[in-house]
Amino acid sequence: MNHKIKIGLFGFGTVGQGVYRVVNRAKNAHAEIRRICVRDTAKKRDVEVPEGVLTDRAEDLFEDPEINLIVEVVDDAEASYRIVTAALRGGIPVVSGSKAMIAEHLPELIRLQHEYRTAMLYDASSCGSIPVIRNLEEYYDNDLLLEVKGILNGSSNYILSRVFDHGEDYSGALLKAQKLGFAESDPTFDISGKDSLYKLIIITVHALGVYIKPEDVFTYGISTIHDADIRYAREKGVKIKLVAQVVKVDESRFTMFVMPEFVSPSRYIYSVDNEYNGVVIRGECYDRQFMFGKGAGGLPTASSILSDIMARRHGYRYEYKKMGYMDTPEYTTDVRLKVYIHYETTDIPGKMVFERIHEKYTSSAGNYIIADISLRNLARYRSLLDAPDIFLANIPVFFLDKDD
Ligand code: HSE
């Protein structure tokens, strides 16, 4: 596609308006937003667009022969699925930021791209402005990658930073994250770890060439963090961060999970605060590399969309090469983790079986246990761990030391 890009944009919220701004600001993009489809054309918005651009009819975009790229940033996974699949079936390339939809339907979306000989790019779906997906797809195009680990959700990181570093209360920090446009319209996605999970699913496809269904990945968020946990972390000189990771555990297997983690000052992600995201990529031969940047917010996310728009200008598409030509590793939950579990009324030592207990502390202000348990067994107790008196955090162990 080396001619002018004429975009049909679906969604005109925080990210959609950001896309409108950055596309108009980037003169070398030779791109024009021709029509914008929204639910309510009369709604007051910060960004004004010329008469006749807004519509509430998807057909106005799909049936416009001039439109040669659909950009979809709709805040509704089902609507986003309908738009993206309709575009791909019509042979129109798509740029999307809808991580939940992509994570749930990626195998089908890959098939549709092949079948209809078109493309879908979605770097904006993972880590806002950080170019994670295209880098994993192109630069790390080999099987020496050992681990991708990081802070993939800006809102929960913002909340933890405000609570941890500024002594603010949790609900006030969450409200701020919503006001600043970082949080999802339903912020439970951010704080439950689900948003990080969706991004991790997408990252894993491009890192290891394997698709794992979201429901098969252990995910635990930050909503039950207590003052006692923050005090504990401070006493130990560490921070609590919500961390997502996919990691090779031996030559032929990998594991993945999303969990709060005690992060020591020597780690890159220790200094990733507020709405920033940080991704550590570890490989054989080069140890660690670190990518850092704004992970949420209208303009940072829109910058990533712009990059995908430009990539389409040059005909770029993901080839999902690793899915085809590597001996793809097998997913396992048969790995031993070291965890911290805070509890008050729930009888954790009575109800859970651990492989080894390192420490057990009881007091009137709350109790905790530090113990080894396999990820598989931890997952068996998943619903128990949802009790409001419980908070779980990972204490990192090193899985596979293969750096030269
Ligand atoms: N709610 C998401 C976050 C937005 O806070 O990271 C960017 O995906």
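In each ligand, atom 1 is the first atom listed, and ligand 1 is the first ligand listed.
The distance criterion of under 3.5 Å between nitrogen or oxygen atoms is met by Ser155 with respect to ligand 1. Considering both main-chain and side-chain atoms, Ala296 never comes within under 3.5 Å of ligand 1 through any nitrogen or oxygen pair. Considering backbone and side-chain atoms alike, Thr301 places every N or O at 3.5 Å or more from each N or O of ligand 1.
Taking every non-hydrogen atom of Asp190 and a distance limit under 4.0 Å, the qualifying atoms of ligand 1 come out as 1 (N), 2 (C), 3 (C), 5 (O). Which parts of ligand 1 touch Lys199 is read off a 4.0 Å heavy-atom cut-off, strictly below it: atoms 2 (C), 3 (C), 6 (O), 7 (C), 8 (O). The contact set between ligand 1 and Phe182, taken as ligand atoms under 4.0 Å from a residue heavy atom, comprises 1 (N), 2 (C), 3 (C), 4 (C), 5 (O).
At the shortest separation from atom 6 (O) of ligand 1 among protein heavy atoms lies Gly154 N, 2.7 Å.
Side-chain atoms of Asn394 do not come within 3.5 Å of backbone N or O of Val339 as any donor-acceptor pair.
The pair Lys213-Asp216 does not meet the salt-bridge criterion, since no charged nitrogen lies less than 4.0 angstrom from a carboxylate oxygen. By the 4.0 Å N-to-carboxylate-O rule, Glu63 lies too far from Arg35 to be salt-bridged with it.
Within the 4.0 Å heavy-atom shell around ligand 1 one finds Gly295.
With a 4.0 Å heavy-atom cut-off, ligand 1 is reached by the backbone of Asn153 and by its side chain too. Contact annotation: for Glu275 versus ligand 1, there are no heavy atoms closer than 4.0 Å.
For the pair Lys248 and Phe254, the NZ or CZ position fails the cation-pi test of under 6.0 Å to the six-membered ring centre and within 45 degrees of the ring normal.
Side-chain atoms of Gln245 and Glu261 form a donor-acceptor pair, as typed in the model, at a separation below 3.5 Å. Judged purely by distance below 3.5 Å, without hydrogens or angles, the side chains of Asp386 and Ser383 never pair a donor atom with an acceptor atom. Under the 3.5 Å distance criterion, with hydrogens and angles disregarded, no donor-acceptor pair is assigned to the side chains of His30 and Glu32.
Around atom 8 (O) of ligand 1, the closest heavy atom drawn from Gln178, Lys99, Glu184 belongs to Lys99.
Note: Lys241 NZ to Ile151 CD1 = 4.5 Å, rounded to the nearest 0.5 Å.
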